[in-house]
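This report refers to the structure that appears directly beneath it.
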Amino acid sequence: QVTLVESGGGSVQAGGSLTLSCERSAYVDGLNYMAWFRQVSGKEREGVASISAVSGLTYYFDSAEGRFTISQDNAKKTVFLQMDSLKPEDTAMYYCAAGVGVPTGHFSFDVWRYKYWGQGIQVTVSS
């Protein structure tokens, strides 16, 4: 059983920064993508950033481009999301996900492609 544990969330004022971490409990056979999603109550879960576990290729949601940076430490089985210049509209529950056989690009934001999910962590940005 593989578990993902997120940490680093919290409350911050607009313009501030937070770094989320997601640690896997074990290696996943065939794992090829890690991603961060977010969800606001009453809305669909949306992709924020993804990274190929093999090549390091990254992909970002439009509003995250230039503000967020996804990275990974494969030896530590951990993926990070550095979030800068945070805006109130970034307020959401953030989820880490791990997938097998995930295609690149916008396909990496398809929720159904990910088998493993974290419990989520709240990020609140006040104006």
Side-chain angles (χ1 to χ4, degrees):
Q1 181 70 20
V2 177
T3 59
L4 305 178
V5 179
E6 300 104 335
S7 61
S11 298
V12 65
Q13 288 191 328
S17 299
L18 283 173
T19 300
L20 305 182
S21 299
C22 170
E23 183 175 359
R24 298 194 306 276
S25 62
Y27 286 100
V28 177
D29 188 28
L31 171 73
N32 76 320
Y33 254 90
M34 297 291 297
W36 287 96
F37 291 79
R38 68 186 184 187
Q39 188 169 23
V40 176
S41 180
K43 294 188 177 181
E44 292 187 353
R45 193 168 295 188
E46 63 179 8
V48 175
S50 65
I51 186 166
S52 166
V54 177
S55 69
L57 181 68
T58 58
Y59 185 76
Y60 295 95
F61 181 55
D62 285 348
S63 69
E65 191 76 51
R67 298 190 300 124
F68 294 2
T69 303
I70 188 170
S71 60
Q72 62 189 350
D73 184 333
N74 285 334
K76 295 182 178 180
K77 302 188 294 295
T78 302
V79 64
F80 307 94
L81 184 66
Q82 172 70 38
M83 303 186 292
D84 299 316
S85 302
L86 283 161
K87 305 174 181 180
E89 51 264 43
D90 294 318
T91 295
M93 187 73 80
Y94 283 70
Y95 296 89
C96 174
V100 175
V102 177
T104 60
H106 67 88
F107 296 106
S108 66
F109 282 175
D110 291 335
V111 172
W112 62 268
R113 297 185 187 275
Y114 290 86
K115 181 177 181 181
Y116 304 102
W117 290 88
Q119 292 296 311
I121 193 163
Q122 180 67 35
V123 170
T124 302
V125 184
S126 58
S127 57

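Excluded from the calculations below are hydrogen atoms, water molecules and symmetry mates; all remaining heavy atoms, backbone and side chain alike, are included.
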Inset, instruction - Please test Trp117 against Val111 for side-chain contact (heavy atoms from CB on, under 4.5 Å), starting from the C-alpha separation and ending with a verdict. - result: CA-CA 10 Å; Trp117 290 88; Val111 172; 3.6 Å; yes
Inset, instruction - Could you grab the distance from atom CD of Glu89 to atom CZ of Arg38, nearest 0.5 Å is fine? - result: 8.0 Å
Legend entry - Electrostatic pair Asp110:Arg113 at N-O distance under 4.0 angstrom: yes
Inset, instruction - Compare all side-chain heavy atoms of Tyr33 with those of Val54 and state whether any distance is below 4.5 angstrom. - result: no
Legend entry - Residue pair Pro88 / Ser127: nearest heavy atoms and the distance that separates them: CG-CB, 3.9 Å
Legend entry - Pair Tyr114 and Phe37, ring centroids less than 6.0 Å apart: yes
Legend entry - Residues that, via side-chain heavy atoms closer than 4.5 angstrom, fall in one hydrophobic cluster with Phe107: none
Legend entry - Heavy-atom closest pair, residues Ala75 and Tyr27: O-OH, 3.8 Å
Inset, instruction - Kindly compute the distance separating NE2 (His106) from OG (Ser50), expressed to the nearest 0.5 Å. - result: 11.5 Å
Inset, instruction - Please report the closest heavy-atom contact between Ala98 and Arg24, naming both atoms and the distance. - result: CB-CD, 4.5 Å
Legend entry - Verdict with supporting geometry, Phe109 and Phe61, ring pair (Phe, Tyr, Trp, His ring centres under 6.0 Å): CA-CA 9 Å; Phe109 282 175; Phe61 181 55; 7.1 Å; no
Inset, instruction - Report yes if the side chains of Lys87 and Arg67 come closer than 4.5 Å at any heavy-atom pair, otherwise no. - result: yes
Legend entry - Euclidean distance, Gln39 CD relative to Arg45 CZ, rounded to 0.5 Å: 4.5 Å
Inset, instruction - Could you walk me through whether Ser17 and Asp84 pass the side-chain hydrogen bond (donor to acceptor under 3.5 Å, both in side chains) test, one step at a time? - result: CA-CA 4 Å; Ser17 299; Asp84 299 316; 2.8 Å; yes
Inset, instruction - Just do the side-chain contact (heavy atoms from CB on, under 4.5 Å) check on Val40 and Thr91 with the steps written out, would you? - result: CA-CA 8 Å; Val40 176; Thr91 295; over 6 Å; no
Inset, instruction - Hey, could you give me the CD/CE distance between Gln122 and Met93, rounded to the nearest 0.5 Å? - result: 5.0 Å
Legend entry - Hydrophobic cluster (4.5 angstrom, side-chain heavy atoms) - remaining members for Ile51: Val2, Leu4, Val12, Leu18, Leu20, Val28, Leu31, Met34, Trp36, Val48, Tyr60, Phe68, Ile70, Val79, Leu81, Met83, Leu86, Tyr94, Val100, Tyr116, Ile121, Val123, Val125
Inset, instruction - Give a yes or no on whether the backbone of Val102 and the side-chain of Asn32 come within a donor-acceptor separation of less than 3.5 Å. - result: yes
Legend entry - Side-chain donor or acceptor of Glu6 paired with backbone N/O of Cys96 under 3.5 Å: yes
Legend entry - From Phe80 atom CZ to Ser71 atom OG, the distance as rounded to the nearest 0.5 Å: 6.0 Å
Legend entry - Contact summary for Gln1 and Ser25, nearest pair of heavy atoms: O-OG, 3.7 Å
Legend entry - Atom CD of Gln119 with >12 non-hydrogen neighbours under 6.0 angstrom: no
Inset, instruction - May I ask you to check whether over 12 heavy atoms, not counting those of Gln13, lie within 6.0 Å of atom CD? - result: no
Inset, instruction - Indicate yes or no: does Lys76 engage Glu23 in a salt bridge with an N to O separation below 4.0 Å. - result: no
